[in-house]
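Order of the sequence lines sets the chain letters (A, B, ...), proteins ahead of strands, with each chain counted from 1. Predicted model, so just to flag it, every value in this text is computed and none were measured.
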Amino acid sequence: MAQEAIRRALQAVLAEMGAPVENIVLERPRDPTHGDLATNVAMTQARTLGRAPRAIAEEIARRLDLQAAGVTGVEVAGPGFLNFRLSHGSVASALPGILEADPSYGRSGTGAGESVIVEWVSANPTGPLHPGHGRQAALGDAISTLLEWTGWKVHREYYYNDSGKQMENLAWSVWARYQQELGEAAEIPEGGYQGEYVREIARAYRDEAGDAFRADDSPAALDRMRAFAVRLLRAEQDRDLGDFRVRFDHYFLESSLYETGAVERTVERLRETGLVYEQDGATWLKTTEFGDDKDRVMLRSDGTATYFLPDVAYHMDKWDRGFHHAINVQGSDHHGTVARVRAGVQSLGVPAGYPEYVLHQMVRVEREGRELKFSKRAGSYLTLRELFEEVGVDVTRYFFLMRKPEGHLVFDLDVALDHSEKNPVYKIQYAHARMHAIFRKAGVEPLAIRPQDAPLARLSHELERDLVQRLADFPQLVEKSAELRAPHLVCDYLEQLAGAVNSWYHAGNPSRNPEMAVLVDDPGLRQARLVLSRSIQIVLRNGLNLLGITAPERMERDPDLEDEPSDAGS
RNA sequence: GCGCCUGUAGCUCAGCUGGAUAGAGCAACGGACUUCUAAUCCGUAGGUCGGUGGUUCGAGUCCACCCAGGCGCGCCA
């Protein structure tokens, strides 16, 4: 491609001038008057060459011979930029590769087939999932897919915190509601769960067990209720995530770490390091040795493990399973665990910085500018299901992904429910559906569109050149988003692309501007524009699918809105 | 008090690891328009990038200190 040819030519010239550069930055300037590609090498090499940037740039421009790369002009501009202008044909030469790669356009092999385990959601099975979990679900899934697209072998894992004190609270909450169902006086204890769903579980339990456990608060009775509640809640969480189109390769139960003896083994291994000591009746690990700000209790004075211990055991298990790259997606309210988990595994010989964390901030759902936090089922919070059933899975996923993880997320229900192009999801999906509308109108199957005999150099309009270059940027964008674990960059890219697509599409409104329409009479131009349309459709689809969002071939019109031109309310 | 994150247009946010005149989308204002079926399009305006100082050819981006907000600092998870 032109870009590579220019880069090689620049490298050759710079080497001759005595300033060999390995990584030449060659990018598309924001301002189209600055050409199609620009480089700042003259400025970065000013110091080593001991000359003024502009003088260096002038010399490079004189020495370069770029006819072969389809460069029609080189200019020196600003403080010492070199701006390149490409021929129409050179720009458009990116298109055939897009059609050829089709579903895999945007994939690359930088991960080199290495394994990585991505862990996310990892909720307590103590209630329905809330929007914060949803953000995490969408993020973990999108990051996993991005890694797959860049050549990683990804293992998706969900860690159920199904032991510990929260489970006790759950058991007592169900117990209390069960007693109430039987007409007994009982109250949910301090720290217990008040949501309506606890009553549902209690009722289901009564239906199954009858009144066999009336007034029975024996450990055995509570144990049965806990197990029953966890089974129902896990099933519900799995169903919610499944309907949210998030799947895992493996569900890892915290309780299994006790059953298999992994926790005990971890205690032994930690003791062997000599970093374990007793104090105040508890057993501590000297995590400060590895950068934690205080040492941590691993065994309480009653001999039971704190949550820290299974966390270490779990991450050692990941490492021992051969996952030497691990990414944990968690809410930023858990960032306090980062240093201690790393210190724990590091004390057992795992390299520093394992695992990697993507921490995200909370979600605030708003309607008409006010926070929405009431839920019938969960009581104190809105559930994820309530959210995606109201606005749809596509919109919900996109909204969760469109902000960088470490920033706060305001989920604006008014925008989410808007079906016009004000809603970025619909804007992108419309653009995609429009390309299909063109194919239908033209009577061609998308797969039958071939670039070979199309005169692509005729895609000479500014809007078309811009579109092609955006499409050509897609693989690099995917790579960058994967490296930075930043799906929001894909959202941003798609929205910008959709905007450019829609401008181009509307510019070709046959009633106004028939010569700009895709389906012009001129068969060559028509063929070239169909190739462009097909390329657009591929990139939009691949980008949406990457985020777990559908790319419809036609948009369904909501019958309720048919006769309501402005605001149908709800 | 200490640690992490955030602060960019009226609002919600991007900003390609230091580059050219800081960008989108809503909202506002001014014009067009009903299609290549599909809930519009084009244009305009809008900024001391939280503040101060520093690093250098060049800082929204890097460093230091301050201000504001969020989260965390348990023998809770």
Side-chain angles (χ1 to χ4, degrees), chain A residues 25 27-31 34 38 40 43-44 46-47 52-53 77-81 83 122-124 126 161 163-167 169 191 254 280-284 293-294 296-302 304-308 310-311 331-339 359-362 369 402-410 412 415 418-424 426-427 430 433-435 437-442 473 476-477 480 484 488-489 491-493 495-496 499 502-503 505-512 514 517-520 529 533 554-558 561-562 564-566 568:
Chain A
V25 179
E27 49 192 15
R28 203 149 65 81
R30 286 249 180 263
D31 185 342
H34 293 143
N40 61 354
M43 276 131 65
T44 60
R47 190 181 296 275
F81 286 98
N83 294 339
S122 301
N124 296 319
T126 54
N161 295 120
S163 25
K165 201 146 238 157
Q166 300 308 322
M167 291 298 107
N169 291 338
E254 180 186 0
D280 305 329
T283 306
W284 300 66
D293 51 7
K294 54 181 82 164
R296 303 295 166 179
V297 172
M298 44 188 267
L299 292 171
R300 301 187 186 95
S301 35
D302 66 1
T304 59
T306 61
Y307 69 89
F308 166 62
D311 268 359
S332 60
D333 54 335
H334 286 74
H335 81 254
T337 67
V338 173
L359 300 177
H360 66 89
Q361 302 236 39
M362 296 296 110
M402 70 182 176
R403 306 300 179 212
K404 61 179 171 221
E406 62 272 27
H408 293 271
L409 175 66
V410 175
D412 188 335
V415 177
D418 191 327
H419 282 220
S420 79
E421 289 188 16
K422 283 177 200 163
N423 184 330
Y426 288 105
K427 177 176 171 178
Y430 281 132
R434 279 186 179 122
M435 297 305 104
I438 291 171
F439 304 149
R440 283 193 296 274
K441 178 83 175 178
D473 286 341
Q476 275 181 41
L477 171 98
K480 194 176 81 185
L484 299 176
H488 72 282
L489 298 178
C491 294
D492 211 50
Y493 169 85
E495 196 182 341
Q496 300 294 324
N502 290 334
S503 293
Y505 174 86
H506 287 293
N509 184 331
S511 71
R512 225 180 313 164
V518 173
L519 303 179
V520 286
R529 285 182 179 159
S533 305
R554 61 175 78 221
M555 299 296 279
E556 297 305 326
R557 182 173 264 255
D558 185 343
L561 296 174
E562 204 62 76
E564 303 283 338
S566 55

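- Rounded to an integer number of Å, the gap from CD of A:Glu406 to P of B:C71 is 17 Å.
- Comparing the P positions of B:C29 and B:C73 gives a spacing of 48 Å, expressed to the nearest Å.
- A:Ala339 comes within 4.0 angstrom of no nucleic acid atom, judged by non-hydrogen atoms across all strands.
- Distance from the side chain of A:Arg300 is smallest to B:C75 among B:A39, B:C75, B:C26.
- The residue A:Ala517 sits close to a base: some heavy atom pair falls under 4.0 Å.
- With hydrogens and angles ignored, no donor-acceptor pair under 3.5 angstrom links the side chain of A:His334 to the base of B:G72.
- Across all strands shown, A:Ser533 has no heavy atoms under 4.0 Å from either base or sugar-phosphate atoms.
- What separates CE of A:Met435 from C1' of B:C36 is a distance of 9 Å, to the nearest Å.
- Between the side chain of A:Ser332 and the base of B:C4, no donor-acceptor pair of N or O atoms lies under 3.5 Å.
- Here, B:G46 and B:C26 have their C1' atoms 14 Å apart, quoted to the whole Å.
- The side chain of A:Asp333 has B:G72 as its nearest neighbour among B:A20, B:C36, B:G72.
- Listed nucleotides: B:A20, B:U37, B:A77. Nearest to the side chain of A:Lys441: B:U37.
- Between the side chain of A:Asn40 and the base of B:G19, at least one donor-acceptor pair of N or O atoms lies under 3.5 Å.
- If you take atom P in B:U6 and the same atom in B:A64, they sit 15 Å apart, rounded to whole Å.
- Rounding to whole angstrom units, CE of residue A:Met298 and P of B:G74 are separated by 19 Å.
- RNA chain B is contacted by both A:Ala507 and A:Asp293; A:Ala507 maps to the nucleotide lying nearer its 5′ end (nearest heavy atom per residue).
- Atom NZ in A:Lys165 sits roughly 5 Å away from atom P in B:C76 (whole-Å rounding).
- Applying the 4.0 Å criterion to OP1 and OP2 of B:G74, one finds that A:Lys294 has a side-chain N or O inside that range.
- OP1 or OP2 of B:A38 has at least one side-chain nitrogen or oxygen of A:Tyr505 nearer than 4.0 Å.
- Judged by ring centres under 5.5 Å apart and planes tilted less than 30 degrees, A:Phe81 stacks against the six-membered base ring of B:A20.
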Between A:Arg434 and A:Glu421, does the salt bridge (charged side-chain N to carboxylate O under 4.0 Å, His left out) criterion hold? Intermediate values first, please. CA-CA 13 Å; A:Arg434 279 186 179 122; A:Glu421 289 188 16; 3.0 Å; yes
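- If you measure from atom CZ of A:Arg440 to atom C1' of B:C36, you get 11 Å, rounded to the nearest angstrom.
- Straight-line distance from the NE2 atom of A:His360 to the C1' atom of B:G72: 15 Å, rounded to whole Å.
- With hydrogens and angles left out, the side chain of A:Asn83 and the base of B:A20 share a donor-acceptor pair within 3.5 Å.
- Between A:Arg434 and B:A39 there is a side-chain N or O to OP1 or OP2 distance below 4.0 Å.
- For the C1' atoms, the distance from B:A59 to B:G3 is 27 Å, rounded to whole Å.
- Distance check on atom P: B:C36 versus B:G18 gives 48 Å, rounded to whole Å.
- Taking the C1' atoms as reference points, B:C16 lies 39 Å from B:G1, given to the whole Å.
- Within the 4.5 Å cutoff, no side-chain heavy atoms of A:Arg403 are placed close to those of A:Cys491.
- A:Gln361 comes within 4.0 angstrom of a nucleotide base, judged by non-hydrogen atoms across all strands.
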Test side chain to side chain contact (heavy atoms under 4.5 Å, CB included) on A:Asp418 and A:Tyr426 and set out the steps. CA-CA 9 Å; A:Asp418 191 327; A:Tyr426 288 105; over 6 Å; no
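- Between A:Met362 atom CE and B:U6 atom P there is a gap of 14 Å when expressed in whole angstrom units.
- Contact annotation for A:Gln476: no contact, since no heavy-atom pair falls under 4.0 Å across all strands.
- Look at CG on A:Leu477: it is 18 Å from P on B:A24, rounded to the nearest Å.
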Intra- and interstrand pairs of RNA chain B - dot-bracket, Watson-Crick/G-U under 3.5 Å, | marks other strand: (((((((..((((.....[...)))).(((((.......))))).....(((((..]....))))))))))))....
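- Residues that satisfy the side-chain hydrogen bond (donor to acceptor under 3.5 Å, both in side chains) test with A:Tyr307, not counting sequence neighbours, are A:Arg340.
- The same atom, P, is picked in B:U44 and in B:G53; the two are 35 Å apart, to the nearest Å.
- Across all strands, A:Asn502 comes closer than 4.0 Å to no nucleic acid atom at all (heavy-atom distances).
- Taking every side-chain heavy atom of A:Ala38 into account, B:A20 is the closest of B:G19, B:A20, B:C76.
- Atom OG1 of A:Thr306 is separated from atom CZ of A:Arg296 by 10.0 Å, given to the nearest 0.5 angstrom.
- Listed pair A:Thr306 / B:G74 fails the phosphate criterion, with no side-chain N or O lying under 4.0 Å from OP1 or OP2.
- Residue whose closest nucleotide on RNA chain B sits further toward the 5' end, between A:His506 and A:Thr337: A:His506.
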Summary of protein contacts for nucleotides 11-16 of chain B, nucleotide by nucleotide, where a base hit scores B, a sugar-phosphate-only hit scores S (4.0 Å, heavy atoms): -SSSSB
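- Neither OP1 nor OP2 of B:G25 sits under 4.0 Å from any side-chain N or O of A:Lys427.
- Between A:His488 atom NE2 and A:Leu409 atom CG the span is 12.0 Å, to the nearest 0.5 Å.
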